[in-house]
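Please read these numbers as outputs of a predicted model, since none were measured by experiment.
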Amino acid sequence: MTPTAALSPEAVEGGGTLAELLSARIAAGEFRPGQRLSESALAQRFSVSRNTLREAFRVLAEQGLLEHVPHRGVSVTAPRVADVLDIYRVRRHVEAGALARADAQHPATGRMRAAVEAADTAVAAGDWAGVGTANMAFHEALVSLSDSPRLLRTHRQLAAELRLAFLVIGDPQALHGRFVARNRAVLDTFLAAGGVAAAAELEAYLTESERTVLGAYARLGLD
């Protein structure tokens, strides 16, 4: 693993910044679903105390990204089918709800458009991990239409958990390829027909995405 610059005590007070850093590393696939995390190795790597690291672990466990296994320590969560179902249930409420009430003149619309264009560029380059990152950016921008920091925090947690499910499947082209056009369709509908019509488009999109993930889980024999 690449060495990481030491974090000052102030930067990790309460585990917040360290938790965010670990969350980002998990979402990027540096730590795989099911992987056990060594407390001593990570404390040394990030130049933090074990108490600071344990607090970060606690925060991430509350967010569903880590799990404590008795007598085995802490490991990265491997989402189950029930988790996937619940993630998509909440996504429908948060994302479709935000879009239905939004105005196309909102500044976040520009970020949605930029994410669609970034996905097109990544597809042309065969960069399927980049397509996945652009997809996440599109949906985060969409939730930003709500102007609600709380909804955005909720969505970021959902996105991190969903990324773990994607890592379990390990086929970014199958997961993200077909939805590049769907993102553009949601944006085009939003601009042309308004939030309610775009929300209906998004509901169908999320249902298809959910079925794709569940189908992949079934093929892998996961429950």
Kindly say whether Gly64 contributes a backbone atom to a donor-acceptor pair with the side chain of Thr77 at under 3.5 angstrom? yes
Using 4.0 Å as the upper bound for N to carboxylate O, is an ion pair formed by Arg58 and Glu55? yes
For Glu140 and His155: C-alpha separation, side-chain torsions, deciding distance, then whether side chain to side chain donor-acceptor pair (under 3.5 Å) applies. CA-CA 7 Å; Glu140 179 164 323; His155 186 265; 5.4 Å; no
Can you find a pair of side-chain heavy atoms, one from Met112 and one from Asn183, that are under 4.5 Å apart? no
Less than 4.5 Å apart, any side-chain heavy atom of Val131 and any of Pro172? no
Tell me whether the count of non-hydrogen atoms from other residues, nucleotides or ligands lying under 6.0 Å of CD in Glu62 goes above 12. yes
What are the two closest non-hydrogen atoms of Ile26 and Leu167, and how far apart are they? O-CD1, 3.5 Å
Residues that Tyr88 engages under ring-ring contact (aromatic ring centres under 6.0 Å, His included), provided they are two or more places apart: none
What are the two closest non-hydrogen atoms of Ala141 and Ala108, and how far apart are they? O-CB, 3.4 Å
Side chains of Arg184 and Asp120 in contact at under 4.5 Å (non-hydrogen atoms): yes
Polar side-chain atom of Thr133 near backbone of Ala129 as donor-acceptor pair, under 3.5 Å: yes
In this structure, CZ of Arg45 is separated from CG of Leu53 (nearest 0.5 Å) by 11.0 Å
Report the C-alpha separation of Glu20 and Arg153 in whole Å, then their side-chain angles, then the decisive distance to 0.1 Å, and conclude whether the salt bridge (Lys or Arg N to Asp or Glu O under 4.0 Å) test is met. CA-CA 12 Å; Glu20 291 170 1; Arg153 284 198 300 270; over 6 Å; no
Joint cluster assignment, Leu85 & Leu65, ILVMFWY side-chain distance < 4.5 Å: no
Residue pair Val180, Phe138: steps toward the side chain to side chain contact (heavy atoms under 4.5 Å, CB included) verdict: CA-CA 10 Å; Val180 174; Phe138 176 84; over 6 Å; no
Treating Ile, Leu, Val, Met, Phe, Trp and Tyr as nodes and any side-chain heavy-atom pair under 4.5 angstrom as an edge, say whether Leu21 and Val48 lie in one connected cluster. yes
Please step through salt bridge (Lys or Arg N to Asp or Glu O under 4.0 Å) for the pair Arg80 and Asp83, ending with a clear verdict. CA-CA 5 Å; Arg80 302 174 72 88; Asp83 300 314; 5.8 Å; no
Minimum heavy-atom separation for Glu95 and Leu142, please, with both atom names. O-CD2, 3.3 Å
Using the rule that two of Ile, Leu, Val, Met, Phe, Trp, Tyr join whenever any of their side-chain heavy atoms come within less than 4.5 Å, decide whether Leu191 and Val196 are in one cluster. no
Determine whether Leu158 and Leu60 fall in the same hydrophobic cluster, where Ile, Leu, Val, Met, Phe, Trp and Tyr are linked whenever their side-chain heavy atoms lie under 4.5 Å apart. no
Using a distance-only test with no angle check, is there a side-chain donor-acceptor pair under 3.5 angstrom linking Arg101 and Ser146? no
Between Arg163 and Ser23, a side-chain donor and acceptor under 3.5 Å: no
Distance only, no hydrogens: is a donor on one side chain within 3.5 Å (strictly under) of an acceptor on the other, for Ser49 and Thr52? yes
Find the distance between CG (Asp171) and CG (Leu220) and round it off to the nearest 0.5 Å. 9.5 Å
Between Arg92 and Glu210 (salt bridge meaning N to carboxylate O under 4.0 Å), is one present in this structure? yes
Return yes if some donor-acceptor pair links the side-chain N/O of Thr154 with the main-chain N/O of Arg150 below 3.5 Å, else return no. yes
Does Ala104 offer a backbone N or O that forms a donor-acceptor pair with the side chain of Thr109 under 3.5 Å? yes
Taking C-beta and beyond as the side chain, do Phe179 and His176 meet within less than 4.5 Å on heavy atoms? no
Decide yes or no for Tyr217 and Val168: does some side-chain heavy atom of the first lie under 4.5 Å from some side-chain heavy atom of the second? yes
Salt bridge (Lys or Arg N to Asp or Glu O under 4.0 Å) evaluation trace for Arg178 with Glu208: CA-CA 10 Å; Arg178 73 178 70 180; Glu208 182 181 351; 3.6 Å; yes
Could you give the distance from CG (Leu145) to CD (Gln105), rounded to the nearest 0.5 Å? 11.5 Å
Checking side chain to side chain contact (heavy atoms under 4.5 Å, CB included) for the pair Phe190/His106: CA distance, chi angles, key distance, verdict? CA-CA 11 Å; Phe190 182 43; His106 194 286; 5.9 Å; no
Student check: side-chain heavy atoms of Leu42 and Phe31 closer than 4.5 Å: yes
Membership question, hydrophobic clusters at under 4.5 Å side-chain separation (ILVMFWY): are Ile87 and Val94 in the same one? yes
Taking all non-hydrogen atoms of both residues, which atom of Ala96 and which atom of Leu202 are closest, and how far apart? N-CD2, 3.7 Å
I need the Leu214 CG to Leu222 CG distance, nearest 0.5 Å. 11.0 Å
Minimum-distance pair of heavy atoms, taken over all atoms of Val76 and Arg32: CB-O, 3.2 Å
I'd like to know if the side chain of Arg36 reaches the main chain of Arg72, judged simply by a donor and an acceptor atom lying under 3.5 Å from each other, with no hydrogens or angles considered. yes
Kindly assign one of parallel, tilted or perpendicular to the pair Tyr205 and His139, based on the angle between their ring planes and the thresholds 30° and 60°. perpendicular
Note, Leu66 side chain near Ser75 side chain (heavy atom, < 4.5 Å): no
To the nearest 0.5 Å, what is the distance between CG (Leu37) and CG (Leu22)? 7.5 Å
Check whether Thr207 reaches the backbone of Glu203 with its side chain - one donor and one acceptor, N or O, closer than 3.5 Å. yes
In sequence, state the C-alpha distance, the side-chain angles, and the governing distance for Val74 and Glu39, and then conclude on side chain to side chain contact (heavy atoms under 4.5 Å, CB included). CA-CA 8 Å; Val74 176; Glu39 189 176 287; over 6 Å; no
Where do Val186 and Glu201 come nearest, in terms of heavy atoms and distance? CG2-CG, 3.7 Å
Take Leu162 and Arg91 through the side chain to side chain contact (heavy atoms under 4.5 Å, CB included) test and state the conclusion after the steps. CA-CA 10 Å; Leu162 187 59; Arg91 286 188 73 189; 3.2 Å; yes
Does the side chain of Arg50 come within less than 4.5 Å of Ser40's, by heavy atoms? yes
Spatial distance of atom CG (Asp147) from atom CG (Asp103) [nearest 0.5 Å]: 10.5 Å
